[in-house]
Amino acid sequence: MTRPATGTPLSRVDGRLKVTGQATYAAEHRADGTVHGVIVTSTVGKGRITAIDTRQAAAQPGVLTVISHLNAPKLPYRPFRGVTDPPRGEHLRVFQDDRVRFFGQPVAVAVAETLEAAQHAASLVKVAYAAERPATDLSSPAGEPNEPENYQRGDADQALRQAHTRIEQTYRLQREHHNPMEPHATIARWDGDRLTVWDKTQMVLNTRAALASVFGIPEDGVRVISPFVGGAFGSGLRAWPHVTVAALAARQVRRPVKVVLTREQMYSGTGFRPVTEYKLTMGADQRGRLTAAVHDIRAETSTYEDYREALTILGQMTYTTPNVRQTYRSIPLDISTPTWMRGPGNATAAFAIECAMDELAHEAGIDPIELRLRNEPEQDPGTGAPFSTRRLRECFRVGARTIGWDDRNPKPRSTRDGDWLIGTGVAVAAYHTGRAPAQALARLTEDGTATVQSATSDMGPGTYTSMTQVAADALGLPVSRVRFQLGDSTMPPAPPHGGSMTMASVGSAVADTCDKLRRQATDLAIDDPGSPLHGASADDVVADNGRLHLRDDPGRGETYQQLLARIGRPHLEARGGYTPGDEVERLSTHAYGAVFAEIAVDERLGLVRIRRVLGVYDAGRIINPKLAHSQAIGGLVGGIGMALLEHTVADPRDGRLVNANLADYLVPTNADVPDVNAVYLDGEDRQADPIGVKGLAEVVIVGVAPAIANAVFHATGRRVRDLPITIEALL
Ligand code: MOS
């Protein structure tokens, strides 16, 4: 038998298209007669539009129209809540009234024959406001906190009073923006009342549903196409206002309209990781076993939507803690709505919990890894459910050995290298294995190739490649003869390409679909008197390298091509899918990791330099080690950004985001990332899903920031509880 494709480090099947510029990103699609829309955004953070003067803008050569709430048609905005929408609130309705809810809100769009003409026209639109001072800070909200989310087990307050060791601290995380390389962009074209949209999105079906609701048309009247996404990290999970702007403008001018957000517009035009304040009180007994934890969490949301993320899960399930109380409040501010950003909820919660564990370890005089092992649960402490797999101890063992943890002098400020203080830190990572129903379609053609489709997305993890591998193995074809297609709403439905659920959900659907297709071919051969396999039992037939044969007698068989040619079928087709079962409730299923950081701090300059970051992961089966490694490196680098650099700053006077560009919003570059590595434990989790994966995307950013913060403490003796850790904090 040929070696299976899964488990091999296949290079990206779409790599050549990408490096040769042939992969079409959202703004690069061509629709005949496309014109350009440039959005005008509000220059106040709250208030009302009192006047819009578009005369000069509209008079420019090549300008087709300028649309604002003054002349925009009333849009139906049929009730719609997408799977990626906040649970409560109202969508921002584009150009439907004079209210300004945040700085950078779309207030008009200039549409012109060329991009330059549209940009010029947009710059000439004069908007007058009755401005109010916006609330942009958690300390002075725009309104009452939303209904809190509460969790309780045992009596945390009582247990805290009796605790031997107690830590009570507040950890703060700043706003972060996804900043994918590809800008958010949409091209919209109407053919009568049918709408076609080329969009940057992580879920074509969500964009389709959102547009159908906005325009009050049936979903099957909308087609969304998105074959390539140049990074997204969660920012492509919703259809943001500019998607509606493009479709609305296209309807008004009866031409296809392209809208591309500038880098600056992206900061208020899409979501972001919300500012979060996480107060954590933890108590432990003499031996360092946690007895109680109280989590008091506050995070920002907009005034019009109540965005929440899974901030409470880690506090419930990471450690055995008999007594836990949690309160999570979202606080309305005059800002645009936050959204999921890589590792949503967990990356934030882990910063608080894993720093607090380090503080506790220091206080109790217990090694930070040992402290965690003493609190390692046997089943999920939150739900009581058994773990499908949880190999955190092994992650620690492998990581500690690789990084030389036992050689470290645990005393803070004890290790030096010239001007540099050296520190190592550790933290736990975990992320829920999300699974959702998914479907696929597979077609085997007479030339012996197969095409498999699902309406999923590939924002960078390598979905095209990993799905090709899964399909190739299920069909018994070499990967070179399998093509996977995605990113079109006419394909079989898939869940959001987010929450680390694509491989488990779509991968399982692809495996099922291709199994069905292989069985179909097998049955046809068995039933056909002309086939060498005639009369065999289906269970004895395997497919390998495009050929069906008896497992125990490989000489007896035929290729797919021979079969199809003889029976006179140009192709075979199968539909299949995956629906998660009750294992989702019955079992606690997460990917885990132990993250280690070694850093150096210049004692006099306060500079933090990363020396090493290592993540050791229990993430189930690895379909493609090369992609998985790339995925992990990306997450670890994102974590370095979170720890040391990323921070979107709002001007409190008007809500303007002062660093809404890639010069002032800092992200790690190569020089910031010298030696970063990831290791995956061998294994699989067949209880999690049929293909045994646990999801990689999110877990690899979780735990990085606290590992670095803990290393900074070890190096300097200084505990920094606010991210990012800046030079000022260390001087
Ligand atoms: Mo991820 S935040 O679910 O794109």
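What you are looking at is a predicted structure, and each value in this text was computed from that prediction instead of being measured. Heads up: numbering here begins at 1 and tracks the sequence. Whatever order the structure lists ligands and atoms in, that order sets their numbers, starting from 1.
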Do Met467 and Thr456 come close enough that some side-chain heavy atom pair is under 4.5 Å?
->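 A side-chain contact is absent here, since even the closest heavy-atom pair is not under 4.5 Å.
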Does some side-chain heavy atom of Glu219 sit less than 4.5 Å from a side-chain heavy atom of Leu205?
->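 Contact flag for Leu205/Glu219 side chains = no.
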Output the list of atoms in ligand 1 that are nearer than 4.0 Å to some heavy atom of [X], sorted by atom number.
X      : result
Leu237 : 3 (O), 4 (O)
Gly499 : 1 (Mo), 3 (O)
Pro344 : 2 (S)
Met459 : 4 (O)
Gly234 : 2 (S), 4 (O)
Arg342 : 2 (S)

N-O pairing of Glu149 and Arg308 below 4.0 Å |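 A salt bridge is present here (some side-chain N lies under 4.0 Å from a carboxylate O).
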Does a side-chain N-to-carboxylate-O contact under 4.0 Å join Arg329 and Glu147?
->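 Salt bridge between Arg329 and Glu147, a charged N being under 4.0 Å from a carboxylate O: no.
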Ring centre gap for Tyr680 and His629 strictly below 6.0 Å =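 No, the ring centres sit 6.0 Å or more apart.
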Heavy atom of the protein closest to atom 1 (Mo) of ligand 1 (residue, atom name, distance) =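 Atom 1 (Mo) of ligand 1 sits closest to the protein heavy atom Glu698 OE2, 3.2 Å.
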Looking only at protein heavy atoms, which one is nearest to atom 4 (O) of ligand 1, and how far off is it?
->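 That would be Gln202 NE2, 2.8 Å.
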Tyr151 and Gln316 side chains, donor-acceptor separation under 3.5 Å =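 No, because no side-chain N or O of Gln316 sits under 3.5 Å from a partner of the opposite role on Tyr151.
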